[in-house]
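Below, all heavy atoms of this structure are taken into account, side chains as well, without hydrogens, waters or symmetry copies. Here is how names work: the chains are called A, B, and so on, in the same order as the sequence lines, proteins then strands, and each is numbered from 1.
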Amino acid sequence: AQKITQTQPGMFVQEKEAVTLDCTYDTSDQSYGLFWYKQPSSGEMIFLIYQGSYDEQNATEGRYSLNFQKARKSANLVISASQLGDSAMYFCAMRYNNNDMRFGAGTRLTVKP
Amino acid sequence: DAMVIQNPRYQVTQFGKPVTLSCSQTLNHNVMYWYQQKSSQAPKLLFHYYDKDFNNEADTPDNFQSRRPNTSFCFLDIRSPGLGDAAMYLCATSRGVSREKLFFGSGTQLSVL
């Protein structure tokens, strides 16, 4: 069965510091996509970054990077130079060949000034 | 320039009174999804349409139905809402390729009195 695990219900980080949000997954598929979404208190889901299972290099998007370790089935999100506006829920998600996208339980990040 | 539009933003209904949530898209995407998200939880996939093909999740209650009359519109019908159906309902779209990200609407917050 496909499963996404985020083990950190909540995380705190000091403004301007980097933070890593953990995500592990379980699948027998060879082809899949890994995504991170941010959900502020307003409720909208904002796409942050994508990593394909066959991509050899770790994805980066501005201050976001994805530490992809395929053998360990982990896809951790690294946010550099945290800003107050980064405070939100962060969801790791996996997309399968049948078009489903399933989400982990989420991590609530709080950036402290 | 909203691309996935959900109306209304807030919906209040009475216990047992049918309610319909609507979603429209300007992206011409093949796939449309409905997710249910309860407070501080991950979005849970209810069903999705690939074009006109309906795909229901095994654990989606029969109380939830969906219609997609054309490419642009998709509706979520809750036939007899219970108190446990109070949640945020998120509509999302994608082009249908497994590695494509989902585009989300702002959601409809449903309250059941």
Side-chain angles (χ1 to χ4, degrees), chain A residues 1-10 21 23 25 27 29-55 59 61 64 66 68 75 88-110, chain B residues 1-6 8-11 21 23 27 29-60 87-111:
Chain A
Q2 328 284 19
K3 189 175 179 182
I4 317 295
T5 303
Q6 295 180 253
T7 58
Q8 306 153 314
L21 306 183
C23 174
Y25 59 92
T27 181
D29 289 354
Q30 295 301 309
S31 178
Y32 50 87
L34 295 157
F35 301 78
W36 278 91
Y37 281 84
K38 172 184 177 181
Q39 188 177 41
S41 55
S42 57
E44 61 188 306
M45 295 286 277
I46 301 168
F47 167 76
L48 295 178
I49 195 166
Y50 164 80
Q51 180 85 41
S53 59
Y54 292 118
D55 295 343
E61 290 281 354
Y64 305 108
L66 202 151
F68 180 48
M89 282 291 288
Y90 288 80
F91 291 99
C92 178
M94 176 186 267
R95 187 125 190 240
Y96 310 94
N97 287 329
N98 65 355
N99 287 313
D100 282 2
M101 181 179 281
R102 298 180 188 270
F103 290 80
T107 296
R108 181 170 297 281
L109 177 67
T110 303
Chain B
D1 291 4
M3 296 178 288
V4 182
I5 303 160
Q6 290 188 247
R9 183 72 174 90
Y10 299 93
Q11 175 75 56
L21 309 182
C23 177
L27 299 163
H29 282 173
N30 298 108
V31 194
M32 295 188 77
Y33 304 79
W34 280 105
Y35 285 86
Q36 179 194 64
Q37 187 180 25
K38 297 188 176 180
S39 182
S40 300
Q41 295 184 20
K44 179 181 179 300
L45 182 63
L46 295 174
F47 25 59
H48 74 273
Y49 276 93
Y50 193 117
D51 293 328
K52 293 188 176 184
D53 293 334
F54 178 68
N55 298 272
N56 197 31
E57 291 299 298
D59 58 354
T60 297
M88 173 75 84
Y89 290 88
L90 295 165
C91 175
T93 73
S94 75
R95 286 194 290 182
V97 178
S98 63
R99 292 156 69 97
E100 292 285 336
K101 67 182 180 184
L102 267 58
F103 292 79
F104 282 86
S106 299
T108 293
Q109 183 69 49
L110 178 69
S111 299

Given that the side chain runs from C-beta out, which part of A:Gln39 has a heavy atom under 4.5 Å from chain B: side chain, backbone, both or neither?
side chain
Below 4.5 Å, heavy atoms only, C-beta onward: do B:Leu102 and A:Tyr37 meet side chain to side chain?
yes
Highest number of heavy-atom pairs under 4.5 Å with chain A: which of B:Ser40, B:Ser106, B:Pro43?
B:Pro43
Could you look at B:Gln109 and say if it's the side chain, the backbone, both or neither that has a heavy atom under 4.5 Å from chain A?
neither
From B:Gln37 CD over to A:Met45 CE, what is the distance, rounded to the nearest 0.5 angstrom?
6.0 Å
Contact list for residues 40-54 of chain A, test salt bridge (Lys or Arg N to Asp or Glu O under 4.0 Å), sequence neighbours left out:
none
Using non-hydrogen atoms only, which part of B:Gln6 is less than 4.5 Å away from chain A: side chain, backbone, both, or neither?
neither
Using atom types as modelled and distance alone, determine if a side-chain donor or acceptor of A:Arg95 lies under 3.5 Å from a backbone N or O of B:Glu100.
yes
If every non-hydrogen atom of B:Lys101 is compared with every non-hydrogen atom of A:Phe35, which pair is closest and at what distance?
CA-CE2, 3.4 Å
Evaluate the side-chain contact (heavy atoms from CB on, under 4.5 Å) criterion for residues A:Met101 and B:Tyr35: first the C-alpha distance (whole Å), next the side-chain angles of each, then the deciding distance (0.1 Å), finally the verdict.
CA-CA 10 Å; A:Met101 181 179 281; B:Tyr35 285 86; 3.5 Å; yes
Is there side-chain contact between A:Arg102 and B:Glu57, with heavy atoms separated by less than 4.5 Å?
yes
Roughly how far, to the nearest 0.5 Å, is CZ of B:Phe104 from CD1 of A:Ile46?
11.5 Å
Suppose we screen for ring-ring contact (aromatic ring centres under 6.0 Å, His included). Which residues come up paired with B:Phe103, at least two apart in sequence or across chains?
B:His29
Over all atoms of both residues, closest heavy-atom pair of B:Ala42 and A:Ala105
CB-CA, 4.0 Å
